[in-house]
Participant: 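Starting off with a structure, shown below.
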Amino acid sequence: MSKKPLAKKYEPKETEKAIYSAWEEAGYFNPDRLPKDLCSEKAKPFTIVLPPPNITGSLHMGHALNATIQDVLIRYYRMKGYRTLWVPGLDHAGIATQNMVEKELAKSGKTRHDVGRAELLKLLKDWEKKYSLRIISQFKRIGASCDWSRTHYTLDEGYSRAVKKAFILYKRKGYIKRGQRVVNWCPRCKTALSDIEVEHKEDKGKLYYIKYRLLKRKKDKRFEYLTIATTRPETLLGDTAVAVNPEDKRYKRYVGRKIFIPLIKRKVKVIEDSAIDPKFGTGALKVTPAHDGKDFEIGERHGLKRINVIDEEAEMIGSIPLKYRGLDRFKAREKVVEDLRKEKILVKVESIKHKTPYCYRCGEMIEPLISKQWFLSMKKLAEPAIKLIKDDKIKFVPYRFKKVYLRWMKEIHDWCISRQIWWGHKIPIKNEEDVLDTWFSSALWPFASLGWPQKTKDLQTFYPTSVLSTAKDIIFLWVARMIFSGLFFMDEIPFHTVYVHPTILNAEGKRMSKSLGTGIDPLDLVEKYGADATRFGLVAKTGHNQEIRYSESSIVAGRNFSNKMLNATRFVLMNIEKNKIKSLKIDNKIFLDKKIIKLKANKKTIDLFAKTKTEIEKRILDFRFNLATKAIYEFFWHQFCDKCIEANKDVLYQGDELDRKKTLEFLITIIANSLKLTHPFMPFVTEHLWTELNKALEIKEKPLIVSHWPN
RNA sequence: GGUCAAUUAGCUCAGCUGGUUAGAGCGCAUGAUUCACAUUCAUGAGGUCGCAGGUUCGAAUCCUGCAUUGACCACCA
């Protein structure tokens, strides 16, 4: 048998891919194929559903971090003997993916309407194929031990059946209704969006003060005016009232009177509504029910007419003066302002900062308009989902996110679930061309990815899932919706714990962004330092903090640590070889050996090992991974290598044969146990060293991934 | 307008429920090393823990206020 000494340096590239394939082929990621002595049929399940990445592109640092966190949990629980299942999958990501393909199309000067629905869908399918393969291979590269035999995709046939079923069940119970309401319309994507798909950005804008003339009554001697303030003067073409706050004494005398909309001389009423803020502008609001959510509601309360003056392309339409018709909304604004000036009723223009709504996918400015859409009524669905979280039936980690969730849930609005795009699940109603919001399908993920609506064995065994690990920006878009969906369809929570991991910022403390080129590709890091180092470096910064500033030095530290483990192992193996010692055992009984304990450094190492093990377990359970990695790093490097190995060198070089043997057995046992503790964080190097160790000792042990966590 | 978080060594951050000389990694300085590892080892310099009050025998840690930064929420017309 040829024994090749370990290389001085750990070379991840050579080992990681081979190790991953070996695990996968052996079926260790599949709970049904775990070795029986590790995990019996009756073992408790531990389930995670992977937040399915969008097929829009490749993985970013956030994915890498989240994959690592979930893998740490899965690997830990697997070694603890749980029936672990990590369900992977992909999300078709409706608007986002369609936009990517449309962008490609735009390069040849075409729009989706030029090529048509069938052709666009074909392009989307190609995209889907390309990126889903890439994303999966990236997850594998980072070491994610997902059960790929259970991979789901939100547009798969089975999954689509679940989506259809969900829609029908909601509708049957009266939760889904169709109606005309003001929705957030993206004139570029040409679709409605839900409220949370709108991003508000602070802009420098202008507040225009415009004089509206009141209708002269017989008793009036001269004309009276009421000045209103608006940031969108072009919408006055659709005004159907002017409103003031009922408490506002300044305007009390105007309430009920007729007033003229400038430029078009439409006669409307001055009404009072408590939604008006007397402190904003002049305290008088022009009401445009067709083009503003708040105005729409005021209109509902007062039975106002809705006049559409802006269409789905954000161009002016309807019964308005010809000169405005067909103008783009911003051109129309200029024109209206110009005309107001001419009529000398533009009192003043004020520069203000205000929040403007933008499409979260393409960045176009939202145009609120009335449209016929499908809505999911939220109030009743939200009730149990609020109570549950209040009672901590689902635990948020860090705990503060409970509050974030509750605040949103309590103020929830109906969810506009229809989209006027082509990529997604068609609404299961005859003659309906719209598709469902992509989040409607991902809301079903925890149970639909386990086979729902069929009563599968997986669903029975693995639902509710254990932990959901996710980014904080999708607490509302996704987490909240999984919770009420789970309660509605399964009558049970979808997961016990929600872990909200920190956001990775770049070295300057800014958000990593692909478009700005400030992103870092985790796969580059994996290539450069290895998957273990990348994982370690990321997780070592992850606790209950809300952000991580990316720094390569922690990944370098991870790489150095894996090299340190290799060299400690190498040292011991070299000594075994040198001393020609046979039949060494890895056995914790050596910790009780009097001769071993006599050496202070050994005693301390044994004690610290126990403490380290407890600390790691505790820190995995409370999601303070940074402290877990710190514990193993400190123990292995600064106690075991720096102190313990050094202290044993005298015995190894000058001791008698029995002492040498005992010492090597002790060192090898500490190493073996340390490899186990480190495995969830650095699976590859630990597995690699475990193999080398077993080879050298000529013992046959199962791979580390399915070995028992130390007692 | 509201909510949440952060503020500790040159840089990036730990420091859990208050308790002896405040820690790590990187960087820096000095030295070591044919004997596992220069992706190494040893030693060291460097902090009045954002500011101001308060509670306490005792506060980086708890409370109040303020400042700065960041994130989120809201129909800021």
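Side chains included, hydrogens not; waters and symmetry mates left out as well; all remaining heavy atoms used. The chains referred to below are lettered A, B, ... by the order of the sequence lines, with proteins before strands, and numbering in each begins at 1. Everything quoted here is computed from the prediction, not taken from an experiment.
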Participant: Rounded off to whole Å, could you give me the NE2-to-C1' distance for the A:His354 and B:A77 pair?
Facilitator: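 Distance, rounded to whole Å: 10 Å.
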
Participant: Just to be sure I follow the notation: if a pair is Watson-Crick (purine N1 to pyrimidine N3 plus N6-O4 or O6-N4) or a G-U wobble (N1-O2 and O6-N3), each under 3.5 Å, what dot-bracket string does RNA chain B give, with | for pairs to another strand?
Facilitator: (((((((..((((.....[...)))).(((((.......))))).....(((((..]....))))))))))))....

Participant: Considering only the C1' atoms, how many Å lie between B:U40 and B:C62, rounded to the nearest integer?
Facilitator: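 It works out to 44 Å between them.
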
Participant: Starting at atom OH of A:Tyr360, determine the distance to atom P of B:C72, rounded to an integer number of angstrom.
Facilitator: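 Rounded to whole Å, this separation is 15 Å.
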
Participant: Please say which of A:Phe625, A:Phe684, A:Phe561 ends up in a ring-ring contact (aromatic ring centres under 6.0 Å, His included) with A:Phe536.
Facilitator: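 When A:Phe625, A:Phe684, A:Phe561 are each tested with A:Phe536, the ring-ring contact (aromatic ring centres under 6.0 Å, His included) holds only for A:Phe561.
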
Participant: Where is the tightest heavy-atom contact between A:Asp248 and A:Gly283, given as atom of each residue plus distance?
Facilitator: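 Reported closest heavy-atom pair: OD2-O, 4.3 Å.
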
Participant: Using whole Å, what does the distance between atom C1' of nucleotide B:A36 and atom CD1 of A:Ile576 come to?
Facilitator: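 Value for this atom pair: 13 Å.
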
Participant: So do the side chains of A:Ile504 and A:Met512 get within less than 4.5 Å of each other, counting heavy atoms only?
Facilitator: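 Yes - at least one pair of side-chain heavy atoms lies under 4.5 Å apart.
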
Participant: Taking the same atom, P, in B:G65 and in B:A5, what whole-Å distance lies between them?
Facilitator: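 It comes out at 14 Å once rounded to the nearest Å.
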
Participant: Could A:Lys294 and A:Asp292 be called an ion pair, given the rule that one side-chain N must be under 4.0 Å from one carboxylate O?
Facilitator: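 Looking at A:Lys294 and A:Asp292, the cut-off is not met.
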
Participant: Distance between the C1' atoms of B:A42 and B:C4, in whole angstroms?
Facilitator: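 My reading of the C1' atoms in B:A42 and B:C4 gives 45 Å.
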
Participant: Distance check, C1' atoms only: B:G58 and B:C73, in whole angstrom units.
Facilitator: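 Roughly 41 Å separates the two C1' atoms.
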
Participant: Say you pick atom P in B:A14 and the same atom in B:U8; how far apart are they, in whole Å?
Facilitator: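 Result for the P pair: 10 Å, nearest Å.
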
Participant: Heavy atoms, side chains only, cut-off 4.5 Å: are A:Arg266 and A:Leu237 in contact?
Facilitator: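 In short, these two side chains do not touch, never coming nearer than 4.5 Å.
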
Participant: Nearest-Å distance, NZ (A:Lys355) to C1' (B:G1)?
Facilitator: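 Rounded to the whole Å, the gap is 10 Å.
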
Participant: Quantified in whole Å, what is the P atom distance between nucleotide B:A52 and nucleotide B:A67?
Facilitator: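 After rounding to an integer number of Å, I get 15 Å for this pair.
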
Participant: Say whether, by atom type as modelled, one donor and one acceptor occur between the side chain of A:Asp295 and the main chain of A:Gly293 under 3.5 angstrom.
Facilitator: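 No.
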
Participant: Taking the side chain of A:Ala568 as heavy atoms from C-beta outward, which of B:A36, B:U39, B:C73 is closest to it?
Facilitator: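 The answer is B:A36, which lies nearest to the side chain.
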
Participant: Got A:Leu525 and A:Glu552 here, is their nearest side-chain heavy-atom distance under 4.5 Å?
Facilitator: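 Yes, side chains in contact.
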
Participant: Is any N or O donor-acceptor pair between the side chain of A:Glu646 and the base of B:A42 shorter than 3.5 Å?
Facilitator: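 Per atom types, no contact qualifies.
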
Participant: For the P atoms, the ones on B:A60 and on B:G54, what distance do you get once it is rounded to whole angstrom?
Facilitator: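 It works out to 15 Å between them.
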
Participant: Could you tell me whether A:Phe561 contacts a base, only the sugar-phosphate backbone, or nothing, with contacts defined as non-hydrogen atoms closer than 4.0 Å?
Facilitator: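 Touches nothing.
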
Participant: Starting the side chain at C-beta, find the nucleotide from B:A77, B:A71, B:C75 nearest to A:Arg511.
Facilitator: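 The nucleotide sitting nearest to the side chain is B:A71.
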
Participant: For the residue pair A:Arg559 and A:Tyr10, would you count it as a cation-pi contact if the rule is NZ or CZ under 6.0 angstrom from the ring centre and within 45 degrees of the ring axis?
Facilitator: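 The answer is no; the distance or angle limit is not met.
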
Participant: Return the nearest nucleotide to the side chain of A:Thr230; candidates are B:C75, B:U39, B:A77.
Facilitator: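 Nearest to the side chain of A:Thr230 among the choices is B:A77.
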
Participant: Which is true for A:Tyr653 with a 4.0 Å heavy-atom rule: it touches a base, it touches only sugar-phosphate, or it touches nothing?
Facilitator: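 Sugar-phosphate, no base atom in range.
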
Participant: Going by ring-ring contact (aromatic ring centres under 6.0 Å, His included), A:Phe623 matches just one of A:Tyr499, A:Phe396, A:Tyr399. Which one?
Facilitator: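 The single option meeting the ring-ring contact (aromatic ring centres under 6.0 Å, His included) with A:Phe623 is A:Tyr499.
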
Participant: Starting the side chain at C-beta, find the nucleotide from B:A77, B:C73, B:C41 nearest to A:Trp637.
Facilitator: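 Closest nucleotide among those given: B:C41.
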
Participant: Rounding to an integer number of Å, can you tell me how far A:Lys528 NZ sits from B:U39 P?
Facilitator: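 After rounding, the reported distance stands at 14 Å.
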
Participant: Taking only Lys NZ, Arg NE, NH1 and NH2, and the carboxylate oxygens of Asp or Glu, determine whether A:Lys649 and A:Glu646 approach each other closer than 4.0 Å.
Facilitator: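 A:Glu646 and A:Lys649: salt-bridged.
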
Participant: For the pair made of CE in A:Met574 and C1' in B:C37, what is the distance, rounded to whole Å?
Facilitator: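 Between C1' of B:C37 and CE of A:Met574: 11 Å.
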
Participant: For RNA chain B, whose closest nucleotide is more 5', that of A:Ala557 or that of A:Thr231?
Facilitator: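 That would be A:Ala557.
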
Participant: How about A:Pro357 and A:Glu367: do any of their side-chain heavy atoms sit closer than 4.5 Å?
Facilitator: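 A side-chain contact under 4.5 Å is absent here.
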
Participant: Of the options B:C26, B:A36, B:C37, whose atoms approach the side-chain atoms of A:Asn563 most closely?
Facilitator: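 Nearest to the side-chain atoms of A:Asn563, counting from C-beta on, is B:C37.
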
Participant: Within residues 396-404 of chain A, which residues have any heavy atom lying less than 4.0 Å from an atom of RNA chain B?
Facilitator: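 The answer is A:Arg400, A:Lys403.
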
Participant: Can you build the contact string for nucleotides 12-24 of chain B? Use B for base contact, S for sugar-phosphate-only contact, and - for no protein heavy atom under 4.0 Å.
Facilitator: SSSSB--------

Participant: Taking for each residue the nucleotide of RNA chain B with the nearest heavy atom, is it A:Thr282 or A:Lys564 whose nucleotide lies nearer the 5' end?
Facilitator: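 Upstream on the strand: A:Lys564.
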
Participant: Can you check whether A:Asn567 has a side-chain N or O nearer than 4.0 Å to OP1 or OP2 of B:U39?
Facilitator: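 No, outside the criterion.
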
Participant: For B:C51 versus B:G46, give the span between their C1' atoms, rounded off to a whole number of Å.
Facilitator: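 Going atom to atom, C1' in each nucleotide, I get 23 Å.
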
Participant: With heavy-atom distances below 4.5 Å as the criterion, would you say the side chains of A:Tyr254 and A:Val242 are in contact?
Facilitator: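 The answer is no; the side chains never approach within 4.5 Å.
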
Participant: Indicate whether any N or O donor in one side chain lies under 3.5 Å from an N or O acceptor in the other, for A:Glu272 and A:Tyr251.
Facilitator: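 Looking only at side-chain atoms, A:Tyr251 and A:Glu272 do not form any donor-acceptor pair under 3.5 Å.
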
Participant: Are A:Leu207 and A:Val349 close enough that some pair of their side-chain heavy atoms sits under 4.5 Å apart?
Facilitator: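 SC-SC contact between A:Leu207 and A:Val349 ruled out.
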
Participant: I want to check one thing: is the phosphate of B:A74, taken as OP1 and OP2, less than 4.0 Å away from some side-chain N or O of A:His200?
Facilitator: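 Looking at the OP1 and OP2 atoms of B:A74, neither is under 4.0 Å from any side-chain N or O of A:His200.
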
Participant: Would you mind classifying the nucleic acid contact of A:Ala284 as base, sugar-phosphate or nothing, using non-hydrogen atoms under 4.0 angstrom?
Facilitator: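 Base, at least one base atom sits under 4.0 Å.
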
Participant: Of the nucleotides B:C72, B:A42, B:A5, which one has an atom closest to the side chain of A:Asp642?
Facilitator: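 Minimum distance to the A:Asp642 side chain belongs to B:A42.
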
Participant: Can you measure A:Met682 atom CE to B:U39 atom P for me and round it to whole angstrom units?
Facilitator: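 After rounding, the reported distance stands at 16 Å.
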
Participant: Take atom CD of A:Glu552 and atom P of B:G25, then tell me their distance rounded to the nearest Å.
Facilitator: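 Result: 19 Å.
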
